[in-house]
Amino acid sequence: MRKTVLFLLILFISLPIVKADEGMWIPALLKKYNIEDMQKAGFKLSAEDIYSVNQACLKDAVVGLGREGSPFHHFCTGEIISDKGLMITNHHCGYGAIQAHSSLEHNYLRDGFWAMSMEEELANPGITASFLVRIEDVTEKVEAILRTKLAPKAQKARIKAIMDEAVKGTNLKANIKSFFAGNQYFMSVYKIYKDVRLVGAPPSAIGKFGGDTDNWAWPRHTGDFSMFRIYADSNNEPAAYSKNNQPLKPKKSLTISLKGVKENDFTMVFGYPGTTKEYLTSYAIDQVQNIENPEKIAIRTLKLETIKASMASSELLRIKYSAKAAGVANSWKRWKGEIKGLKRFNTIKLKQDLEAKFQKWAEVTPKRKLNYANILPQMKELYAQKAEYARAYAYAVEAGIRGPEIIGFINSVNSFLKSYNGKDEKKLEAFYGKIDAFFKNFDLNTDRKIFVKLMSHYIKNSSPKFLPEELKKLEGKDIDKISKKLYNKSFYTSKSRLKKIISKQKYKKLYKGKLNLIAQSITNKFRKEIAPEYYKIDSKVNSFQKAWLAGLMEMQKDKKFYPDANSSFRVSYGKIKGYESRDAVTYGHYTTLKGIMEKDRPEIYDYNVPEKLRELYRTKNYGKYTQNGEVPVCFVATNHTTGGNSGSPVLNANGELIGLNFDRAWDGVMSDMYYNPEICRNIALDIRYALFIIDKYAGAKRLIDEMKFAE
Ligand code: ARG
Ligand code: GLU
């Protein structure tokens, strides 16, 4: 007995203690905080190989995908895989673009799309791809500004001046963000390309295999990738779309490894995680778990039921609503998973324990008392105040402003007209373009049904204090019947009626419409009575959150803190690993084509394997894209990721591309608030499955020929 204990002890001491896993690290600080850890875990390169301002490095092959107008809010990540600017990302990241090019005649969403030459690659105005040039700590400069007595507006202008100064005389763009809840500030400098063309996408039956049913789930068999190419002007610099643009010659492109990975192998993910909240208090978790998520889930359940019924009824409606449905369903399901995970690991209690410890620590010296002792009591009080506003917020936004699409549309039309001088024809034409885009995917009857369900729910469940006046008038009435009149008569529900009344400048008549009054009533309730109070409380919470985090860092001096995700470039690292979901249920670390065939159900839309893929399976026409004789499809790892990391490169110890991040596994989706290395897993597409599809399924050999493979 003793002997085994001793043996175990020795074993334990001699094994390298690999912590890693949790954390999304700032690339410029890897050298200081992480590189030793990473190398211990198996990483073979140096910190400069990942991030350097002096030489081409791995970060130069990664792009943040954004939209013109909000290029710093990266909705996904992509990576460069050829010296001709070829970029790969997820299918669900390219979904909007694929959908925009789709029609009943060219149903790229359903059938896939493959440009067989560069001439066939399709432009996507509005999509941007940002390369990170450098990131620098500007905490002192920003804090000096924030310490001044200047008005917030003037402070903002000064901060903007720092950014302007940093990129003066260049075509670069700078962006300063707060880290650690305002305890630090970093500036990212980007080069932003604007001509990003669609190169290839598998059919949804591959790229979205398993649909919303398999979403957030492991084991997974989704071929979630699509390909784009970045174009530049004749100097290799960013330019708006032009026929004369050339494929980008990138500073760096990733080398692809076909060797695959074993369990426990080192792996890392680069990209643009959007938002995490790892340092919330128990009061905040309580509110998410018991108010915000449940309310939002209930509302979206109603919305989804309606959309799904429409999509099942016609192929055209499926095209129109597929991207919207995926978006609505995605967060809806994640919120459910969050509640489950937070409860399962008793996160509120874990936070309470930490808070008790903190409070004790904060009472010890007069200085700590002054700085920290009142944080938690204040937070508790603030969250108590916030509760009713959090609920009202969910109704106004989820059921109202972003509920039936027509409400958001009415708001955007009205806000355009308010700023429109009635003369600038170019402006008007551009706006007509937006109107056309809206109606391309709008189905009056579907939206009307959504309206009926959501307004009924709103009226029935909202606290009377926050129920918009126009909805009060509908109480007890037949909303279905009323909605038919509203939708059929409104100027906003018909493209031609709307354009006509705008061109005649009869705005007064437009605004008098009943549907408009309802939309305004909801929007004003939100803008005037809910949002101001909600944000006022929130900004107080934020200032305490800053102090709370500063205190935690002081109390836990030896702990390495990483900043919450904020859509800036981060590196996560960990290992390839399956997991134990619950008692007696253990998941392996990768899936294969065989598993796709096991899920094949021709009668179910999301599980109908394309005939050609079946045939490739039957004839074992796999090429070199195999592992143990099967085509690998997806794998899981312990990399800490979140929304925005979609499309992120997953790299091996040599910095070679082995996969594309695209999801997280169900049991661990609470990781945005509480990461647990036992159970939190990111899901990646094995790059070999993507290559197999490109090569064997699509026959787009020209793309394979552009890529660079590891020996
Ligand atoms: N859950 C993944 C993410 O958060 C994939 C979403 C797209 N897929 C889908 N079936 N809706 O973005
Ligand atoms: N699918 C997510 C995205 O679009 C990644 C999954 C996650 O939230 O981790 O970024």
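Along the sequence shown, residues are numbered consecutively beginning with 1.
Within a 6.0 Å sphere centred on CZ of R368, heavy atoms belonging to other residues, nucleotides or ligands number more than 12. At most 12 non-hydrogen atoms from other residues, nucleotides or ligands lie less than 6.0 angstrom from CZ of R402. Residue K489 places its NZ atom among 12 or fewer non-hydrogen atoms of other residues, nucleotides or ligands, all under 6.0 Å distant. Environment of NZ in K499: crowded, with over 12 heavy atoms of neighbouring residues, nucleotides or ligands closer than 6.0 Å. Applying the 6.0 Å contact sphere to NZ of K472 captures more than 12 heavy atoms from other residues, nucleotides or ligands. Counting non-hydrogen atoms of other residues, nucleotides and ligands closer than 6.0 Å to NZ of K173 gives a total of 12 or fewer.
Residues forming a ring pair (Phe, Tyr, Trp, His ring centres under 6.0 Å) with F438 (at least two apart in sequence, or on another chain): F409, F442. Scanning for ring pair (Phe, Tyr, Trp, His ring centres under 6.0 Å) contacts around F544 gives an empty result, with sequence neighbours left out. C680 pairs by the disulfide (SG to SG under 2.5 Å) definition with nothing, not counting sequence neighbours. In terms of the ring pair (Phe, Tyr, Trp, His ring centres under 6.0 Å) criterion, residue partners of F451 (sequence neighbours excluded) are, by chain and number, Y487.
Salt bridge annotation for K473-E469: absent, with no cationic side-chain nitrogen under 4.0 angstrom from a carboxylate oxygen. Salt bridge K349/D353: present, at least one basic N to carboxylate O contact under 4.0 Å. The residues D538 and K386 are annotated as salt-bridged, a charged nitrogen and a carboxylate oxygen being separated by less than 4.0 angstrom. Ion pairing of D436 with K440 is absent here, as no side-chain N (NZ or NE/NH1/NH2) approaches a carboxylate O to less than 4.0 Å. Taking a cutoff of 4.0 Å between a charged side-chain nitrogen and a carboxylate oxygen, E295 and R391 qualify as a salt bridge. Ion pair K536/E533 flagged as a salt bridge, since at least one NZ, NE, NH1 or NH2 atom sits closer than 4.0 Å to an Asp/Glu carboxylate oxygen.
Here the side chain of E355 pairs a donor or acceptor atom with the backbone of S282 at under 3.5 angstrom. Side-chain N or O atoms of S503 include one that pairs as donor or acceptor with a backbone N or O of K500 at under 3.5 Å. Using a distance-only test at 3.5 Å, with no hydrogens or angles considered, a donor-acceptor pair links the side chain of N645 to the main chain of T642. The backbone N or O of G271 lies less than 3.5 Å from no partner atom in the side chain of T77, so there is not a single donor-acceptor pair. Checking side-chain atoms of S521 against main-chain N and O of L517 turns up no donor-acceptor pair under 3.5 Å. At distances below 3.5 Å, not a single donor-acceptor pair connects side-chain atoms of D480 with backbone N or O atoms of V452. Side-chain atoms of S70 do not come within 3.5 Å of backbone N or O of H73 as any donor-acceptor pair. With H74 contributing its side chain and S567 its backbone, the two residues share a donor-acceptor pair below 3.5 Å. At least one donor-acceptor pair under 3.5 Å links the side chain of K333 to the backbone N or O of N215. Judged by distance alone, with hydrogens and angles left aside, the side-chain atoms of T446 form no donor-acceptor pair with the main-chain N or O of I307 at under 3.5 Å.
The distance from atom CE of M24 to atom CD of E278, rounded to the nearest 0.5 Å, is 6.5 Å. Atom CZ of F561 sits about 6.0 Å away from atom OH of Y279, to the nearest 0.5 Å. Atom CG of residue L510 and atom CD1 of residue I502 lie 6.5 Å apart, to the nearest 0.5 angstrom. Note that the CZ atom of F75 and the CZ atom of R67 stand 4.5 Å from one another [nearest 0.5 Å]. A distance of 4.5 Å separates CD1 of I435 from CG of L498, quoted to the nearest 0.5 Å. The structure places CD of E140 at 8.5 Å from CZ of R147, a figure rounded to the nearest 0.5 Å.
Across all non-hydrogen atoms, the minimal contact from D663 to A217 is OD2-N, 4.3 Å. When all heavy atoms of M379 and T281 are compared, the closest pair comes out as CE-CG2, 3.7 Å. The two residues Q287 and A390 have their closest heavy-atom pair at OE1-CB, 4.1 Å. Taking every heavy atom of both residues into account, L454 and E398 meet most closely at CD1-O, 4.1 Å. In this structure, V328 and R300 approach most closely via the heavy-atom pair O-NH1, 3.2 Å. Looking at every heavy atom in both residues, Y492 comes nearest to N516 through OH-OD1, 3.5 Å.
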Subject >> Verdict with reasoning, I285 to L350, per side chain to side chain contact (heavy atoms under 4.5 Å, CB included) >> reply: CA-CA 11 Å; I285 300 276; L350 293 176; over 6 Å; no
**OP:** May I have the step-by-step check of side chain to side chain donor-acceptor pair (under 3.5 Å) for N441 and E405, ending in yes or no?
**Re:** CA-CA 10 Å; N441 294 324; E405 262 186 290; over 6 Å; no
Subject >> Steps toward salt bridge (Lys or Arg N to Asp or Glu O under 4.0 Å) verdict (R344, D667) >> reply: CA-CA 9 Å; R344 173 173 173 185; D667 290 295; 3.3 Å; yes
**OP:** Output, in order, the C-alpha distance, side-chain angles, deciding distance and verdict of side chain to side chain contact (heavy atoms under 4.5 Å, CB included) for L302 and E305.
**Re:** CA-CA 5 Å; L302 297 170; E305 283 167 6; 4.2 Å; yes
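Aromatic ring orientation, Y283 versus Y383: tilted (interplanar angle from 30° to 60°). Ring pair H640/Y562 is perpendicular by interplanar angle, where above 60° counts as perpendicular and below 30° as parallel.
Geometrically, K509 does not engage F491 in a cation-pi contact defined by less than 6.0 Å to the ring centre and at most 45° from the axis. Taking the centre and axis of the six-membered ring of Y321, the NZ or CZ atom of K324 falls inside the cone set by 45° and 6.0 Å.
Each ring-ring contact (aromatic ring centres under 6.0 Å, His included) pair with one or both residues in residues 455-475, not counting sequence neighbours, appears once here: Y389-F466, Y395-H457, Y395-Y458.
Within the 4.5 Å cutoff, the side chain of R664 has heavy atoms near those of the R334 side chain. The side-chain heavy atoms of Y95 and N90, taken from C-beta on, include no pair separated by under 4.5 Å. A 4.5 Å side-chain heavy-atom check between E381 and Q385 finds at least one atom pair inside the cut-off. Residues M673 and T347 form no side-chain contact, since every pair of their non-hydrogen atoms from C-beta on lies 4.5 Å or further apart. Side-chain contact between L65 and Y272 is absent, with no heavy-atom pair separated by less than 4.5 Å.
No hydrogens or angles considered: nothing links the side chains of Y511 and Q520 as a donor-acceptor pair under 3.5 Å. With hydrogens and angles left out, the side-chain atoms of R448 and N445 include a donor and acceptor closer than 3.5 Å.
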List, one per line, each side-chain donor-acceptor pair under 3.5 Å for residues 176-188, sequence neighbours excluded.
from	atom 1	to	atom 2	distance (Å)
K177	NZ	F72	O	3.2
K177	NZ	N566	O	3.3
S178	OG	G182	N	3.2
N183	ND2	F180	O	2.8
N183	ND2	K546	O	3.1

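Tested against Y372, the residues Q359, E554, E363 include a single side chain to side chain donor-acceptor pair (under 3.5 Å) partner, E554.
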